[in-house]
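Written out below as structure tokens is the structure these notes cover.
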Amino acid sequence: MSISTPLRKRTLLAAALLAASMILPGLAQAQTQAPIVIKFAHVVAEKTPKGQGALKFKELAEKKLPGKVQVQVFPSSQLFGDAKEMEALLLGDVQLIAPSLSKFDRYTKKIQIFDLPFLFDDIEAVDRFQDGPQGQALLKSMTNRGLLGLAYWHNGMKQLSTNKDKLTRPDDVKGLKFRIQASDVLEAQFKALGANPQKMAFAEVYQALQTGVVDGQENTWSNIYSQKFHEVQKTIAETNHGVIDYMVVTNSKWWDGLPADVKKGLTEAMAEATTYANKLADDINVEDRKKIADAGKAKIQKLSKEDVAAWRKAMEPVWKKFEGDIGRDLIDAAQKSNK
Ligand code: LMR
């Protein structure tokens, strides 16, 4: 016997309602509960200014947006090395990265300002420039390429190291091979010294130093210590000739698509994590310098005023070469940030 049409319709409707009542709450729940996963990848160790900043950001973001975001931090090039992280960000494989300011020159020539040798006297001057209108404008200078800067994070001033005993004057590095970050300014800097620069990912540096693929490198105390470069170098000259700082960047399309409350919470978390990491940076570098001295493996070479003047003079041609790309106005503003 066939079911009459109205009855059949009612039965079907009831079945549909029952099915919906079983599925829809689940869906609604999933929609309200599934957190937005934010992958934050970087190349340094956790016990560094950037490593600590990333962990602090995770803690604050998850506290401010409970159940709404989940931040996953991947240190030490676990997910991507520095050669791949920008592409990964643009492809949406990761949502936050914090490359050194030396690694952006494919996206904007202006950021090369941070690599000009002996431009900033110290990290406080770098901070003043970053905080000023020109520095803040640089955060937004790559949105046409899909990159949005959310903050600057400090590491510190760079020192020069080699596998040679003598490292006080520019002549001591003539003909030596140096690992550099992917930066045309840094390439020009080592060429001005008569040395041979090689662009290389951060994760490969220790082995390259150990096996003699390169003779030296330049980096902050915290990177030298946490990567154990001092164990495979003979001398570290305290040149303070440049800076390694970071821009925390996100994919601008992804960012624009975030719900307003999430964007607000993440912005606050980023501001607080920035204050935290930037306060810590100097202490970590001072501590790591001491640990390197105590380890007694590489000698720390202090430089006289005359020595420093000789390095400054040898690197001077770099300024002329990049002034056109960077812009005189930006260089003037950066110089004004020195006290
Ligand atoms: C380097 O490549 O030497 C640094 O930029 C690494 C880092 O992120 O501090």
Side-chain angles (χ1 to χ4, degrees), residues 40-55 57 73-86 88-89 94 96-107 111-115 117 123 126 130 147 149 151-162 177-187 189-190 197-210 213-230 232-233 236 239-249 273-274 277-278 280-282 284-285 288-289 292:
F40 189 162
H42 65 81
V43 301
V44 293
E46 283 192 337
K47 283 189 182 163
T48 56
K50 180 162 59 180
Q52 293 296 300
L55 291 175
F57 172 75
V73 180
F74 300 91
S76 303
S77 308
Q78 270 170 20
L79 212 51
F80 310 102
D82 36 0
K84 294 237 178 75
E85 58 187 3
M86 305 249 192
L89 184 76
V94 61
L96 287 173
I97 55 173
S100 123
L101 296 169
S102 310
K103 294 174 185 168
F104 287 96
D105 64 5
R106 273 171 300 157
Y107 298 94
I111 286 192
Q112 291 178 322
I113 179 99
F114 291 103
D115 276 347
I123 207 76
V126 178
Q130 290 171 347
L147 297 174
Y152 288 108
W153 284 3
H154 296 322
N155 186 335
M157 303 305 282
K158 284 186 291 190
Q159 321 302 336
L160 205 60
S161 74
T162 68
K177 287 174 281 177
F178 281 88
R179 176 271 172 170
I180 55 164
Q181 303 176 78
S183 153
D184 290 349
V185 180
L186 299 180
E187 187 170 56
Q189 173 192 286
F190 280 97
Q198 266 186 47
K199 291 179 181 172
M200 190 184 286
F202 186 59
E204 290 164 25
V205 184
Y206 177 85
Q207 208 184 0
L209 292 170
Q210 190 188 34
V213 167
V214 291
D215 302 296
Q217 62 85 48
E218 53 169 18
N219 232 306
T220 60
W221 294 114
S222 83
N223 277 347
I224 294 172
Y225 181 72
S226 56
Q227 298 298 314
K228 299 191 168 68
F229 295 162
H230 62 295
V232 286
Q233 293 279 266
I236 307 169
T239 48
N240 290 309
H241 64 283
V243 62
I244 289 192
D245 257 25
Y246 308 108
M247 191 187 284
V248 186
V249 281
T274 299
N278 285 354
L280 216 62
D282 209 33
I284 293 181
N285 277 295
D288 287 351
R289 183 194 181 282
I292 290 169

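For ligands, and for the atoms within them, numbers begin at 1 and follow the listed sequence. All values derive from a computational prediction rather than experimental measurement.
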Would you confirm whether [X], through its side chain, and [Y], through its main-chain N or O, come within 3.5 Å as a donor-acceptor pair?
X: Gln52; Y: Glu46; value: yes
X: Glu218; Y: Gln159; value: no
X: Asn285; Y: Ser222; value: yes
X: Arg179; Y: Met200; value: yes

- request: Name all residues meeting the side chain to side chain donor-acceptor pair (under 3.5 Å) criterion together with His154; count only those two or more places apart in sequence or in a different chain, and write none if there are none.
  value: Asp127, Asp245
Could you list each nitrogen or oxygen of ligand 1 that sits under 3.5 Å from a protein nitrogen or oxygen, with the atom names and the distance?
unit_1, atom_1, unit_2, atom_2, d
ligand 1, 2 (O), Lys103, NZ, 2.8
ligand 1, 2 (O), Arg179, NH1, 3.4
ligand 1, 2 (O), Arg179, NH2, 2.8
ligand 1, 3 (O), Arg179, NH1, 2.7
ligand 1, 3 (O), Asn219, ND2, 2.9
ligand 1, 5 (O), Lys103, NZ, 3.1
ligand 1, 5 (O), Gln181, OE1, 2.7
ligand 1, 8 (O), Lys50, NZ, 2.6
ligand 1, 9 (O), Asn223, ND2, 2.8
ligand 1, 9 (O), Tyr246, OH, 2.5

task: Report yes if some heavy atom in the side chain of Leu209 is under 4.5 Å from a heavy atom in the side chain of Val214; otherwise report no.
output: yes
